[in-house]
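Note sheet for the following structure.
Note: hydrogens, waters and symmetry copies are ignored here, and every other heavy atom, side chains too, is used.
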Amino acid sequence: MTTICDLPEDVLVELLSLLPARELIRTCRLVCAQWRYVVDLTTLWKRKCQREGFYVQSLDRSVSDWKIFYMLCNLKRNLIKNPRAEENFQHWKLDNNEGDKWKIEVLPGPHGKAMPDPEVHKYFVTSHGPCFKSQLITLQKEGYWNQLMDEKRPEIVVKDWYAARFDCGCRYELTVRLLSEDYIVLEEFHPEPVVIEQWNDAMWREISHTFQNYPPGVRYIWFQHGGQDTQYWAGWYGIRVTNSSITIGPLTL
């Protein structure tokens with residue numbers, strides 16, 4: 001009697017590539033030596049990348065491990081929750097909430113401009129006292145296992161958007177830290193504060209940073225941004241922020 005194990009290797013690759021990655025690794029690899037061999041084949045993971053739109057022919061020489069490449073592509077998404085103020089202040093910790101406190105406004109807002117991305121409709125705005133908010137991302141909860149972060153160290157890309165009102169000066173700050181299990185800072189991105197003068201163009205600007213070749217042991221990412229207005233006016237004349245993002249690898253996408 002012919003069984004699935006009697007199928008040619010290329011047919012088995014095609015069939016197994018239809019299954020979820022978790023099932024392949026946790027179940028199919030344990031069936032028999034032949035299945036373990038097929039599940040570990042580069043061709044199977046490349047086929048999964050093709051099926052799900054992650055494969056581009058120009059990647060052939062630059063991808064050293066197609067299984068890891070597939071996993072990273074499959075996991076890739078914005079790890080910042082509620083980045084566009086659609087859920088009020090949910091998921092954000094308000095570290096400093098001074099002056100007239102943080103507020104949410106609808107784009108373009110008073111004396112403001114529209115965002116380049118038409119899907120962004122709201123932003124967070126600061127006041128005349130220091131206003132800072134943060135999120136702590138636990139990588140294991142997001143699917144990024146310790147061995148992956150320690151051995152592969154995929155790129156971590158941070159982006160944030162900020163703008164001022166036309167009629168008031170303000171200050172913007174961003175700090176992103178890669179933290180160990182014990183919350184020790186392994187690497188940090190903390191550029192000089194951006195000071196915007198009164199009577200500015202009110203344009204939205206993006207700040208971006210990519211962490212590469214960071215030390216092993218990264219278990220958390222801490223993201224904090226904010227600022228205040230520089231003229232100490234009552235109300236919400238400070239820096240505006242929205243559309244923040246943190247994404248992890250893969251290097252080639």
Side-chain angles (χ1 to χ4, degrees), residues 77-138 141-142 156-179 183 185 188-209 220-247:
R77 66 203 186 281
N78 188 2
L79 300 178
I80 296 278
K81 296 174 175 63
N82 185 26
R84 301 174 175 181
E86 297 290 349
E87 302 171 78
N88 200 16
F89 288 98
Q90 195 173 341
H91 304 295
W92 290 99
K93 183 186 175 201
L94 303 182
D95 304 315
N96 294 84
N97 201 17
E98 298 181 29
D100 286 315
K101 303 183 178 180
W102 279 100
K103 187 188 177 189
I104 290 167
E105 293 180 344
V106 177
L107 281 156
H111 296 283
K113 298 265 178 80
M115 273 279 296
D117 185 344
E119 293 186 9
V120 183
H121 304 295
K122 294 181 180 180
Y123 58 84
F124 304 94
V125 58
T126 61
S127 184
H128 56 88
C131 293
F132 289 92
K133 61 185 179 69
S134 64
Q135 283 191 33
L136 181 69
I137 294 159
T138 304
K141 278 186 188 174
E142 302 296 339
I156 300 171
V157 181
V158 179
K159 295 181 180 180
D160 199 21
W161 286 83
Y162 64 91
R165 283 176 62 124
F166 159 73
D167 58 348
C168 188
C170 60
R171 175 187 176 102
Y172 164 79
E173 291 187 53
L174 172 68
T175 305
V176 186
R177 292 173 180 158
L178 307 185
L179 304 174
Y183 303 98
V185 179
E188 180 179 80
F189 174 62
H190 180 58
E192 285 293 310
V194 177
V195 178
I196 301 172
E197 300 299 324
Q198 189 181 22
W199 316 123
N200 59 81
D201 61 12
M203 294 291 287
W204 284 92
R205 289 178 168 81
E206 183 185 50
I207 186 168
S208 175
H209 177 73
Y220 305 95
I221 304 172
W222 184 74
F223 176 101
Q224 185 195 60
H225 64 178
Q228 65 187 101
D229 84 52
T230 52
Q231 284 155 261
Y232 304 101
W233 291 351
W236 296 273
Y237 291 82
I239 198 72
R240 302 165 170 190
V241 291
T242 193
N243 207 27
S244 314
S245 69
I246 293 176
T247 54

Between [X] and [Y], which heavy-atom pair has the shortest distance, and what is it?
X	Y	result
C170	A164	SG-CB, 3.4 Å
P108	A114	CB-N, 3.8 Å
V157	S208	CG1-OG, 4.4 Å
N96	P130	CB-O, 3.4 Å
Y123	R240	OH-CZ, 3.2 Å
N78	S245	OD1-CA, 3.1 Å

Applying side-chain contact (heavy atoms from CB on, under 4.5 Å), run through F223 and L79 and close with a yes or a no. CA-CA 10 Å; F223 176 101; L79 300 178; over 6 Å; no
With side-chain contact (heavy atoms from CB on, under 4.5 Å) as the test, would you mind laying out the steps for V241 and Y172 before giving the verdict? CA-CA 9 Å; V241 291; Y172 164 79; 3.7 Å; yes
Once you round to the nearest 0.5 Å, how far does [atom1] of [X] lie from [atom2] of [Y]?
X	Y	atom1	atom2	answer
W222	L179	CH2	CG	8.5 Å
S244	K81	OG	NZ	13.5 Å
L136	K141	CG	NZ	9.0 Å
Q228	F132	CD	CZ	7.0 Å
I104	E86	CD1	CD	9.0 Å
T242	M115	OG1	CE	6.0 Å

Does [X] reach the side chain of [Y], with side-chain heavy atoms less than 4.5 Å apart?
X	Y	value
D100	Y237	no
I221	L178	yes
P110	E105	yes
I156	F189	no
Y162	L174	no
I137	I80	yes
Q224	R177	no
P191	I207	yes

Restricting to pairs with a member in residues 106-122, which pass side chain to side chain donor-acceptor pair (under 3.5 Å), not counting sequence neighbours?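 Passing the test, one end in residues 106-122: R84-D117.
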Under the side chain to side chain donor-acceptor pair (under 3.5 Å) definition, can you give me all pairs with a residue in residues 189-204, not counting sequence neighbours?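 Non-adjacent pairs meeting side chain to side chain donor-acceptor pair (under 3.5 Å): T175-H190, Q198-Q231, D201-R205.
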With distance as the sole test, does [X] use its side chain to make a donor-acceptor pair with the main-chain N or O of [Y] at under 3.5 Å?
X	Y	answer
T230	G169	yes
W236	K101	yes
S127	G235	yes
N82	Q90	yes
N97	W102	yes

Derivation and outcome, salt bridge (charged side-chain N to carboxylate O under 4.0 Å, His left out), residues R77 and E142: CA-CA 10 Å; R77 66 203 186 281; E142 302 296 339; 2.6 Å; yes
K159 NZ: over 12 foreign heavy atoms closer than 6.0 Å: no
Please identify each residue that fulfils side chain to side chain donor-acceptor pair (under 3.5 Å) with Q135, with sequence neighbours left out. none
Kindly confirm or rule out a cation-pi arrangement of K133 over F89, judged by NZ or CZ under 6.0 Å from the six-membered ring centre and within 45° of its axis?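 Checked: cation-pi criterion not met.
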Please check if any side-chain donor atom of H225 sits under 3.5 Å from a side-chain acceptor atom of D160, or the reverse. yes
What class does the angle between the rings of W92 and F124 fall in, given that below 30° is parallel, 30 to 60° is tilted and above 60° is perpendicular?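 Ring orientation, 0 to 90° scale: perpendicular.
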